[in-house]
Amino acid sequence: MKRSQWNPLRPDRKEDHSGDYRSNNGSFGATVVLAAFAIGQITIIAFFPATSNSIDQLAFGELGLLVMLLGFIYYLTESIKTCGVATTSLLVLLGLFWLTRSGDTWLTAIVVVGSIGLLLYGTHRYELVKLDLVEHPPSRR
Amino acid sequence: MNGTHRFWIIVAVGMFLAVVSVLLARPLLLIGTIGIGIWLFAQQHWFINSLMETRDNLQIDQTVSPDRILTDEATEVRLTVAQSPPSALNLTVEAEPPAASTGSTGSDRTIQFARGEAEDETTFTLTWPVAGSFEFNSPTVTVTDPQGLFHEQLSVDSTPSVVVESRTPSGTDLYVGEGGTRADPGFQYGEQLSQQAGSGIEPLDIREYSPPEEARRIDWKVSARLQKLYVRKYAIERGQETVLIVDHGATMRGGAEGEAKLDYARAIAAGILNIAMDLNTPVGLYTVGDEGISNRLTPHSSETQFRAIHTRLFELQPTDQGELQQDKTVDTPSTSSVVAPAFANQAAAHLQNDDTAFGTQLQPFFRNSRTYIQRIRGDPLVETIRTYLKRLRATKLTFIITDDTARVQTREAVKLASRHSEHVFVFLTPTPLFESHELLDIEATYNQYVEFEEFRRELATIERVSAFEAAPRERLETIFSQTQGDQR
């Protein structure tokens, strides 16, 4: 029985793909960037107490983290379309956050988490329809 | 699209930030939740786009060689996967052979593609212990993204099929004849069909006129043109149908593996089917087990129908021995003098009130006839013919392929079939020639064969019926040569 084996260490595997670098190191890089982003958020909270008036610095810090995130999304996907969609969605979510932030925090949290959930689930359903993967229940007839 | 553990861990981090923001009353932390949500959404968006591209560019081909084999033989399956341009996702393609095949492991059947690889192939071997027609399932393509966040399964159409045929007796082993003389029922069948030529409407061809033929068949225009008498042939009338009735009861199990009665029955039925296919005649198949009818394909002439009949024939197995009906008893040749059920029924009713010495003497014999009638009524072969054959309106050529164990029922089945058919061809497998692996007592076998031959001849005397024996040629020759030697 003869079969060709895929060998990840095979030297001729990398012909032209810079993408291989991304595939091998991308998941590690993504973990680092996401961890940095989450820690960055906590750090901002720690440096800027609730009573702080340094709004400019705060906004600068947040913007820096978000730009880092978008930059890494582009680095991994190399897709302007994906980056554009991500940026638009980010702006919409930030807008929702801005609109609801003056009320109770839990209400803002529900709006933000609900919107993200809806976005992710909606995309999932879109994929099922686009790829014709919707499972139809068996007909009773 | 399904999320992996990694996906759910990242979701948990985002939720953690949201919960902390609520607990600390610091809405700013929700921007962290938004960032993580957007990260996941972007990856999801990219995955879907890449997935759609991958699906469009993926070419999967499964080839099976050979695709027509005998049971327990092996086939080689080659799974080739190519993508142009190479996908940005990781792919795993696994062939899904039918459950009836054996001999391959999951790793043999799987091709793993790393991101950027363009093509690969794998070859594996399958063996097929069960007869039938089997279609491969579509290969399963599992796609994951390089970040390890999502995975999805696609199925791409490439479903070759394999026809596995039972080991049947070869043409040289199969003897078809009448009383030890080789016969060609295929020729007779062809003749029967060609007799129908002329009754159709669609002109087919012309041939030279031969004298005993009816003069009205002469095509005068053609004859005048060619200066010779010619007859125009017409396509066989559409109404002409061929019906195959194949018995696969427990008694058809008799004989060595691959040379059982049913294997001979199958070979004969397949031969008839081939002739019918050549002539494009509508063919139907009714298979009868001990529990009743098991396949019913009403006559039709199409490629699909011929293939379906072929498949069903080679899927046939004898009814399980445990299910053997009590009714299907082996009859002795003395039953050849049994009267028709209708007459027996009438006579029994008439004699019931007859107190004369004559009536009293005859009553016990006709009481036995009631058992006979009951036995006939319960027989699946008789019931199949009674129920289905008369429903077919068109002129029929009926083929009954069975053995000689249930002679009473077989006789009745043949009589019934002859009433509803233009001609009936009966093929009987003589039980004595299938009984054991070695012919130990040749003389006893010969005597049983003679009884069988009497039964066959009796069937052949029924109007519009031709009866043949289908047996292993070598065995038949052995008993003939041995007994002839003894007689000298």
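The sequence lines fix the lettering, A, B, ..., with proteins before strands; numbering per chain opens at 1.
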Would you say [X] has more than 12 foreign heavy atoms packed within less than 6.0 Å of its [atom1]?
X      : atom1 : value
B:M15  : CE    : no
B:E96  : CD    : yes
B:E135 : CD    : yes

At a heavy-atom separation under 4.5 Å, does [X] approach chain A through its side chain, its backbone, both, or neither?
X     : value
B:N2  : neither
B:E76 : neither
B:I10 : side chain
B:I31 : both

On a heavy-atom basis, which atom in [X] and which in [Y] lie closest, and how many Å separate them?
X      : Y      : value
A:I44  : A:L65  : CD1-CD1, 3.6 Å
B:W128 : B:V162 : CZ2-CG2, 3.9 Å
B:T54  : B:Q83  : CG2-OE1, 4.3 Å
B:P66  : B:T75  : O-CG2, 2.9 Å
B:T125 : B:A74  : CG2-CB, 3.8 Å

Counting heavy-atom pairs under 4.5 Å to chain B, which of [options] comes out on top?
options               : answer
A:W106, A:Y126, A:F97 : A:F97
A:H124, A:K81, A:E127 : A:E127
A:T100, A:L119, A:L66 : A:L119

side-chain contact (heavy atoms from CB on, under 4.5 Å) between B:L89 and B:L51: does it pass, once the steps are laid out?
CA-CA 8 Å; B:L89 302 169; B:L51 197 57; 4.1 Å; yes

Under 4.5 Å heavy-atom distance to chain B, tell me which part of [X] shows up: side chain, backbone, both or neither.
X      : result
A:L120 : both
A:I42  : both
A:L131 : both
A:L107 : neither
A:V85  : both
A:S79  : side chain
A:L133 : side chain

If we define contacts as heavy-atom pairs under 4.5 Å, which of [options] has the most with chain A?
options                    : value
B:G32, B:S21, B:A18        : B:G32
B:S50, B:G14, B:P27        : B:P27
B:L24, B:I34, B:V20, B:N49 : B:I34
B:I9, B:L29, B:L149        : B:L29

With a 4.5 Å heavy-atom cut-off, do B:S87 and B:F113 have their side chains touching?
no

Which word best sums up how the rings of B:F7 and B:F150 line up, parallel for under 30°, tilted for 30 to 60°, or perpendicular for over 60°?
tilted

